[in-house]
Structures are given as C-alpha cells and as structure tokens.
There are 2 protein chains.
Amino acid sequence: MASLHLLSPKGFRAGATYAGIKRKQTPDVGLLVCDQAATAAAVFTTNKVFAAPVKIGREHIADGRLRGVVVNAGNANACTGRQGEKDALRMCQLAAEAIDCEAQDILPSSTGIIGHLMPMEKLERGIREAGEFLGDSEEHALRFGDAILTTDLVRKTAATTVKLGRQTVTVAGVCKGSGMIGPRMALPGKENRPLHATMLAYITTDAAVSAPALRKLLEPAANRSFNAVTVDDHTSTNDTACILASGLSGAKINTIAAAKKFLAALEEVCQSLAYQIAKDGEGATKVVKIIVKGAGSEKAAATIARAIANSPLVKCAMHGNDPNWGRIVSAAGLCGVAFDPDKATLTLQGTRVFHRGRPLPFDAEKVSQSLAAPEVVAELACNLGKADATVWTCDLSREYIAINADYHT
Amino acid sequence: MASLHLLSPKGFRAGATYAGIKRKQTPDVGLLVCDQAATAAAVFTTNKVFAAPVKIGREHIADGRLRGVVVNAGNANACTGRQGEKDALRMCQLAAEAIDCEAQDILPSSTGIIGHLMPMEKLERGIREAGEFLGDSEEHALRFGDAILTTDLVRKTAATTVKLGRQTVTVAGVCKGSGMIGPRMALPGKENRPLHATMLAYITTDAAVSAPALRKLLEPAANRSFNAVTVDDHTSTNDTACILASGLSGAKINTIAAAKKFLAALEEVCQSLAYQIAKDGEGATKVVKIIVKGAGSEKAAATIARAIANSPLVKCAMHGNDPNWGRIVSAAGLCGVAFDPDKATLTLQGTRVFHRGRPLPFDAEKVSQSLAAPEVVAELACNLGKADATVWTCDLSREYIAINADYHT
C-alpha cells in the first residue's frame, strides 16, 4: 500500500511554490482545495491580539463550508491594521480565482514575523502559480506541508484510515510548529473558553460529516492534541487548525457509533501531529510527556500538567538528565489549583521518586541515565479526584536561546 | 556617615558561620536577633507545596512577636514530611537556646535543594557557633546576608532612613534570590490571595510599630517589590519575607502620616532588594522592566506585565537586543485578561514601535543598540482604564541553561 498523505482522502488537491517571502528557499505559499464544497470547521487562537487572516478566517468558516485554504509562511500579517485585513481578503480572492469559487469559500492562514505588511506582489504571483500546478500526488501533499514551515526543522504529517461499515474513511493532516507554541484554540464565538505558536494544522477527510458535527468533533480532538502541546507557552496571534470533509468516501458520520470511530481516527491524527510539534520544538533534544492523574477537576489536571511542562527549571533539568523532582512537585503546587503533596506520588521514567509528602530513595545515576531518552515521561498521581490530563513539551537547551536571541528580525 | 546595613537599626545583632551544608565555602547558617521582643510580620509562599520552615514560621509569627530568625542555605527542608517539621522546630530550639528565649519566638527559614532531610548535626554545630559570635558590625551584617545565598553571585542589601518628627527611623534589609524566582507571597491565612524562588528577605527597623500595622504595611510593600519580580516564574516552596521592628528609635508609627512615610521607606528598601534579585537572576545580563499602564484593573495590569516578563521569547529577544516587539504585544494578548491591540501603544527604551493596532516605522539598528543596556524598559499603554503595574525580570541566556541543566543535584 502506498503511504497515506494529506491528499489521500478523496477529493483534495494542493499546490505550493516559493514566492520569496521566507529567506529559506523552500515553498512559502500553498493552496489546498477540495473539488467540491467541503463541510469545514476550524479552531483559532484565543489571543486577543489575533492576526488579520484569523479575523477573515472566522468569518469565512461561519457557514461551515469551504472550497479551500490559502497559506503563506514568512509573514504573519499580524498587528497590521486595516491594510492587513485587506491583504488577507485579497489572498482569498486570488485563491478563489484560481479554482473558480467565491472568496468567502477560502480560509486564509499566515505565519512568520509579526508587524510587517504583507509583500502582496510576491503573494499574488505565488498564489497564481500554486493554483496553476494543483495535483493530488504525495509530492503535492509534501510541498503544501513545506509551505507552512518556518523555524521547523522537519515536516509534520499524519494519516490513518477507519472502516465504517463497508466504507473506508481516510483522515490525514499536516501541521507546522516549533516556536511560539502554546496553542489555546477555540471555535469561533468560544474564544473565552480557552483551550491551548504559531501552530497551523490542516486536516482532510473524505468522510461525509455535517458542519455542526465536524465542529463538535474538532473541539475535543484539538483539546487533547494541539491544545495540549507547549514549547514556550506563548499562544500565537495566528494559531489555526482547520478540517475539511469532502464526503466523497460515501461514509456518513450520522450515528454515535460512527462519530466515535471517526473521532478516534481524528484524535489519532491530531495527536501524532501535536507530538511532532513537541519533538521539533525550538532547540528540543527530547519530548517530555507530563501525565497528571487523579486531579480534582479537568481544569486542575490541565493546569498542573501545563505548569510543570512550562517551568524552565523542569525543562532545563530534563535537558540535563537531572532527576531534580522537587522542581516538578513544586511546579504542581504553584499554579493555584487544588494540590496536596501529602497525597501525591511522582514517577519519573517508571521510578517512583516522591510519595505522600516524602522523598523515596532511588538510584540517581540510574534514573539520570533513563532520562537520556528521546521521550521522557513524568507521571504525577494527585489522589484528589478522577480527572486526568496529558501535556507534551520538550526540554530547554542553549539552542533555544540561539534561535530566539541571535537571529534578528 | 558610615554606610547603613542590616544591623544599623537599633537593637539588632547577627551571627553566621559555615557549617558545611553548601558546597561553596561561604556562611550557610545565620542568626539574626533582636535584643528585646520585636513586633514582627511576614509573608510566605502561596505554593501548596510549602517547606517545613514555612509551616513552623507561620505558627511562630502568629502572635506578631519575634526575638529572631534562624536561616540556612544548601537545603530547603521541603518535601521532607514529619521529620522535616521536627528539624525546622529543632532549628528554632537551638537558636532560642543561644539567646535565651522560647522556640516560638524564632522564625526559621531554609533555602537549597528540595527533598533531602536536613543534616542536623551540621546545623546544630552551626547554629551554636553563630550564636556565640553575635555582633552588630557591618561585617556581622554582611556575613548574615551571605548565609542565605545559594546560586546568587552577589550580596543584596538595602537601607534607608526616614525622619519622623525629631526622630530618625532606619529601615534595612538583606535578601537572596537568583533562580526559582516568581514569588507570590501572602500573609498567613491569606494564601488564597496570591501576590507574587526561593526568595528570602529579612528587614529590620527600629521604628515602634504594632504587629497589626506592620502586617498592613508589609503586604503592599511586598506586592510592589518582591511579588513583582520574576526570573523563571517558579514560585518556591520556601519564599519568605520577614520584618522585625525593635521600637528602639522611639519613633512611633501611630498616625496615618507617619505610616505613609514609613511605608515609603519600607517600599524603597524592598524595591531595591527586588531589583537586585532581577539583576542577579540566573544567567542574567540585564534587568528588564515591564511597565503596564492604563489597564482595566489592577489584576489585569499585573497579569499582562507578568505574561510579558515571563515569555521566553521576549526574554530571548531582550538578550539578543532584538526589537521584536510582536512578541511583547502578543504576550499581552494571550494572558486571558482584557486587552485591545487597537487601543494600545508600546514603547521600547523610549521609542514608540507600535500604536493602535499598527506598526510604527523605527530605526531597528538604533533601537537594537538602545537595548544593549544594563536596564531595558518596555512600556505598554493599554488605554482601557487607570490601573498600572511594574514587573522586573531579566533576559534569558545560555548561562541560565548551564546553571539549571548542567549542574546536577
């Protein structure tokens, strides 16, 4: 079987080109289109400073229908005032001309530097060129994925299939994200219910799903994936995750059983993409998975997991393979939600190091060696309730400083 | 005039010794005592994981009276269970024996590694030795200040005088703090009203102030100083700021006018100490002062200032002298409180770079040069209300990673 990719679900094509917006000469303008009107849903950043494409995107997704997505990397079109909004809308118009639809059927996304007006001449040329060479090959899928990358070192793609009766549904996605990663995305109108860089993700499926159902499914899938990954906890102005469903597999998601199966597939794709973001976090040498169990509420579980994941002290200890568990336990206590060290147990890479208020003896050298792994798991059992949460992050290295201090804007 | 120090206020003596708890051979056990019962107040960490000395300290400060403070560096006595509490109490007993008072007249403090039982033999010897060589010279003051240092590179001291009628009141202090700095300290019983490492501070004064008045004055002074400094936003298990008032100047703080004057002096000392913490933050090359003006509420102002101060992206940009103001504006928008970029203005080292939703043209090279200073000021005017906040932080450098990843516990 050929490997699955973003354009494996029936009905999708993509194109991408280098328009000269990024310094690095890899594609920086991309177009992802559906051959017919797709149902669609998207979650966007809850940052009160949101980019022009987010504003336009929220409007264009409102009717639950899209024909496509137009993206660029190298310029975020954020903090650019009215001109920025005109430019984001112009991107949609250019994409719409390329595939003969209305501008409001296109969702725009941008990622890159904040506070610079868009180089519209380059974008016009780029979008037209991307539209001239649309295709559904793996090469087309990969080039579209490349067009959203910025400081990312690697491509991020995921795909899976799920059987629904006699039909096979394919769910696939690409994303970008490396720095300014602390997504808290919400459905339009739900921005005050923050879930959790720029992080961009586009998911395709050939399932037949109504737009309201798609919204209901995307929200929990995003919460347990993109909104549970953090590199620097800096929620971007541009975070967007968008799903388009062509319906062309013929499989209808119109029963609870079918919705559950589809959600599992969607979550699998989203979690794989989120994991790839943590792994490619700026300067990362390892993924750190924080599992919090038995917290008093979902919110408390997520708050504790995130406080641990975002502590620079914890992230440095993980970088140095230092089993300095006091940093982890104290991070759990500082975040303002219910936590009682006298009831808690902390396990580092399978070794219990702290139990009910007291340190446990352990072989520091051995645990340190176990931390020198591509993935480190810290599990904190709170014993206060039944709520669990998992957050993915990465370690904090000198390379992070190099990327974010030495490279000038 | 001889320079002022911690023991300049009338009635105080101190002693310190190296007991072998820290690796670095500088004093690690100290005793600060008042010749008569002092009125006293203290704010402690709001971390739900608080060290044994914090628990004992809250109990001992409850009656508003202290004869002294016993401190050690090198071991935090945190996450040490019942044995830890016994050890913290034993520290008080040893100190009380040295100056012939009750154990409950002593406030204990510890700073250092979390999760290790206290080396009580060393401490017993240390406290006895410190008690044998008490004195009120500057040398004694400096040695006490040294006994609370851990990763600090420099001593932190401040002092001032204030005229109240014909009397002169002296207010003086020492503190420590470099990493695990994100204090949110509160008066005992007010832990659920978080204000904002281990950060330890001891303040002496010879003013005559009642204990209730001292509590009322310490709280706002701490909020506008210690609780407004952050290095890594990691609220420690041991944060403590304690003030002792001997009353021996004869000046009574019993009018609103006198309280205002005294508060100004207290705040001056606390702010100087807090500033010194930011300046000596782990790996710091500069102090970054974040001023937020015109926010909708005090809480919003503090939340925005703190979100900017804690963003690793902002701290790296400051380290690299990069006028990447988008990171600052987006940090203001991500923290969940009211903020509208279309009303805001951002000024970096006196240069306006962003105004009402739009970038302003500026000489990037010149602003970058202005950021290469020992103190950088970023001022964000929100234009939403009348609340202001100032937070002090430092830049994020490779040295921070070295200190926290390479040095093993």
Side-chain angles (χ1 to χ4, degrees), chain A residues 46-50 76 78-81 113-117 179-180 182 184 194 232-237 311-313 316-317 319-320 322-327 329-334 336 338-341 354 357-359 364 368 395-398 400-409, chain B residues 46-50 76 78-81 113-117 179-180 182 184 194 232-237 311-313 316-317 319-320 322-327 329-334 336 338-341 354 357-359 364 368 395-398 400-409:
Chain A
T46 52
N47 196 318
K48 291 188 173 65
V49 185
F50 51 83
C79 295
T80 46
I113 181 86
I114 294 173
H116 292 252
L117 289 176
M180 202 173 268
R184 294 165 169 91
D232 47 29
D233 201 36
H234 199 112
T235 304
S236 159
T237 47
S311 164
L313 291 172
C316 282
H319 183 59
D322 183 355
N324 191 337
W325 55 264
R327 295 177 177 178
V329 175
S330 60
L334 69 81
F339 179 72
D340 183 351
F354 172 81
R358 283 192 298 274
S368 176
D395 54 339
L396 179 57
S397 71
R398 287 172 183 76
Y400 181 88
I401 312 293
I403 293 166
N404 285 296
D406 299 351
Y407 168 78
H408 263 231
T409 50
Chain B
T46 51
N47 197 316
K48 291 189 172 64
V49 184
F50 51 84
C79 295
T80 46
I113 181 89
I114 294 172
H116 292 252
L117 289 176
M180 203 174 266
R184 294 166 170 90
D232 47 28
D233 201 37
H234 198 112
T235 304
S236 160
T237 48
S311 164
L313 291 172
C316 283
H319 182 59
D322 183 355
N324 191 335
W325 57 263
R327 294 178 177 178
V329 174
S330 60
L334 68 81
F339 178 72
D340 183 350
F354 173 80
R358 283 192 298 273
S368 176
D395 55 338
L396 180 57
S397 70
R398 287 172 183 77
Y400 181 88
I401 313 294
I403 294 166
N404 286 296
D406 300 349
Y407 167 78
H408 262 233
T409 51

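- In this structure, the separation between CD1 on Ile114(B) and CG on Asn324(A) is 7.0 Å, given to the nearest 0.5 Å.
- Heavy-atom pairs under 4.5 Å with chain A peak, among Pro312(B), Ala331(B), Ala338(B), at Pro312(B).
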Report the C-alpha separation of Thr46(B) and Leu334(A) in whole Å, then their side-chain angles, then the decisive distance to 0.1 Å, and conclude whether the side-chain contact (heavy atoms from CB on, under 4.5 Å) test is met. CA-CA 7 Å; Thr46(B) 51; Leu334(A) 69 81; over 6 Å; no
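- Using modelled atom types, no side-chain atom of Asp233(A) and backbone atom of Ser311(B) make a donor-acceptor pair closer than 3.5 Å.
- In terms of heavy-atom pairs under 4.5 angstrom with chain B, the leader among Val49(A), Thr80(A), Asp340(A) is Val49(A).
- Neither the backbone nor the side chain of Ala76(B) comes within contact range of chain A; no heavy atoms are under 4.5 Å apart.
- Heavy-atom minimum distance, Ala405(B) versus Cys316(A): CB-O, 3.2 Å.
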Full working for side-chain contact (heavy atoms from CB on, under 4.5 Å) between Tyr400(B) and Leu313(A): CA-CA 9 Å; Tyr400(B) 181 88; Leu313(A) 291 172; 3.4 Å; yes
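- Between His319(B) and Ile401(A) there is a side-chain heavy-atom pair separated by less than 4.5 Å.
- Heavy-atom neighbours of Arg398(B) CZ from other residues, nucleotides or ligands within 6.0 Å: above the threshold of 12.
- For Phe354(A), the part lying near chain B is the side chain, with the backbone staying farther off; criterion is any non-hydrogen pair under 4.5 Å.
- Here CZ of Arg327(A) is found 7.5 Å from CD1 of Ile113(B). Values are rounded to the nearest 0.5 Å.
- The line from OG of Ser330(A) to NE2 of His234(B) is 3.0 Å long, rounded to the nearest 0.5 Å.
- Chain A forms more heavy-atom pairs under 4.5 Å with one residue of Gly357(B), Gly115(B), Gly326(B), Cys79(B) than with any other, namely Cys79(B).
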